[in-house]
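To start, the structure under review is shown below, and the notes come after it.
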Amino acid sequence: MIALLTGMLSTAVLAGGVLALAALGEVLAERVGVTNLGVEGLMSLGAVIAIITVVATPNPWLGLLAATMAGATGGMLFAFATVIVRANQVLCGLAITFLGLGLSASIGHDYAGVPSPATFGRVPVPGLSSLPIIGPAFFGQNLPIYLIYLVLPALAHWVMFHTRHGLAMRAVGENPAAADAAGLPVTALRFWYVTLGAGLAGAAGGYLTLTYVPVWSEGLVAGRGWIALALVIFAGYRPFGATLSGLLFGLITALSFVGQARNWPIAPAFLNMLPYLGTIAFIIVPVVVWHRMRRIMAAPAALGVPYHRDVR
């Protein structure tokens, strides 16, 4: 039983890391008022770029960096269209999704089914990794996991809520006209945070093929980008909330694996649907049961609204 729980938690941490990283990137974008629906395509592009890179140079860090740069490049394209040109964010996000999915399928055709020649090895934390059940799951993981669950959300939270820059960032997402009147560079903040968020989405795809599922195949991302978008809402647009939400959905994913491995009397198709059903449940149920969640989960006031300086 202990081995089962340990394995389930380890799987949850690995599976949740993909979602947490992508959701954290989307938090950054949405906090400045831009909704990027292209996460799915950016993750797919990052996933295949990571595999291509490690096949050429068997170094997982280079693969992760290449995936991040691929995501950031797509993010720049999206930011140019939505922030500079001020095109519709929903349509541009969908275009980035289909562009990323199509491009990744095209350039990854020759790499389909090829195992990643380099992956991230485990780096146990001395002392803590020997703790029963939680030790191997939380403190016996690879370095990117520690970055995803500890370093990146802590850094994002500190910048967002404890610095003047973070105040400016949140002001741009709440009231860009007032922020502009106060002298804040609204366009620059939106452009670069959208790019940074897209880079993290690409990194999430790279992490997917370098650690969690170390092989590329078309459709590998399998809707994780859309789940990450939902997690941002459930997390109340907060970095730590996005990270914990990713872990929660990783646990749901691990539960479906355990159910199939132990032959539970439940249809495998239903078990595979659990993460997606959980997405719906954790968005609707908290708001219905506890009305205060409506305020906690409230989006930035200017989210999805292009800023036109000439009509402020």
Side-chain angles (χ1 to χ4, degrees), residues 16-36 38-39 42-43 46 61 64-65 67-69 71-76 78-79 82-84 89 143-207 228-229 231-247 295-305 307:
V18 179
L19 297 172
L21 187 56
L24 179 59
E26 186 64 15
V27 166
L28 298 178
E30 297 198 12
R31 273 292 183 174
V32 294
V34 180
T35 301
N36 184 0
V39 177
L42 295 171
M43 288 179 67
W61 289 106
L64 189 61
L65 176 61
T68 303
M69 295 305 295
T73 301
M76 283 186 176
F78 173 79
T82 57
V83 178
I84 305 299
Q89 294 179 14
L143 281 178
I145 280 291
Y146 303 137
L147 291 174
I148 292 169
Y149 283 104
L150 295 175
V151 178
L152 292 180
L155 179 61
H157 179 85
W158 178 75
V159 170
M160 195 177 293
F161 296 105
H162 297 283
T163 66
R164 291 178 61 87
H165 179 79
L167 180 61
M169 172 190 177
R170 288 182 286 129
V172 167
E174 293 291 342
N175 193 330
D180 191 13
L184 297 177
V186 174
T187 299
L189 283 171
R190 284 191 165 187
F191 185 93
W192 290 114
Y193 271 107
V194 167
T195 299
L196 178 58
L200 293 182
Y207 173 79
L229 286 166
L231 292 186
V232 175
I233 302 172
F234 178 62
Y237 305 87
R238 295 174 180 271
F240 277 117
T243 304
L244 293 176
S245 298
L247 179 60
R295 180 175 63 83
I296 296 174
M297 298 167 66
L303 180 62
V305 181
Y307 176 56

Is a side-chain N or O of E30 found less than 3.5 angstrom from the main chain of T35, in a donor-acceptor match?
no
Any V18 side-chain heavy atom under 4.5 Å of M43 side chain
yes
Side chains of Y307 and V172: does their closest heavy-atom pair fall under 4.5 Å?
no
Would you indicate whether the side-chain heavy atoms of W158 and T163 approach each other to under 4.5 Å?
yes
If you compare all heavy atoms of G241 against all heavy atoms of A235, which two are closest, and at what distance to 0.1 Å?
C-CB, 3.1 Å
How far does OH of Y149 sit from CG of L21, to the nearest 0.5 angstrom?
10.0 Å
Decide yes or no on side-chain contact (heavy atoms from CB on, under 4.5 Å) for M169 and V159, but give the supporting numbers first.
CA-CA 9 Å; M169 172 190 177; V159 170; 5.5 Å; no
State the CG-CE distance between L196 and M76, to the nearest 0.5 angstrom.
10.5 Å
With a 4.5 Å heavy-atom cut-off, do F78 and L42 have their side chains touching?
no
Less than 4.5 Å apart, any side-chain heavy atom of Q89 and any of L303?
no
Identify the heavy atoms of T68 and A203 that sit nearest to each other, and give their distance.
OG1-CB, 3.3 Å
To the nearest 0.5 Å, atom CZ of R164 lies from atom CG of L184 at 9.0 Å
Name the one of T243, L231, L247 that satisfies side chain to side chain contact (heavy atoms under 4.5 Å, CB included) with L19?
L231
So which heavy atom on P153 is nearest to which on L147, and how close?
CD-O, 3.8 Å
Taking only residues two or more places apart in sequence, or in another chain, which ones meet F240 in a ring pair (Phe, Tyr, Trp, His ring centres under 6.0 Å)?
H157
Could you measure the distance from the CG atom of L200 to the OG1 atom of T195? Nearest 0.5 Å is fine.
11.0 Å
Side chains of F191 and V32 in contact at under 4.5 Å (non-hydrogen atoms):
no
Decide yes or no on side-chain contact (heavy atoms from CB on, under 4.5 Å) for Y193 and V34, but give the supporting numbers first.
CA-CA 9 Å; Y193 271 107; V34 180; over 6 Å; no
Nearest heavy-atom pair of T187 and V83: which atoms, and what distance?
O-CG1, 3.6 Å
What are the two closest non-hydrogen atoms of G206 and A67, and how far apart are they?
CA-CB, 3.7 Å
Quick one: does any side-chain atom of R31 pair with a main-chain N or O of P300 as donor and acceptor, under 3.5 Å?
no
Give the minimum heavy-atom separation between N36 and E26, together with the two atoms involved.
N-OE2, 3.1 Å
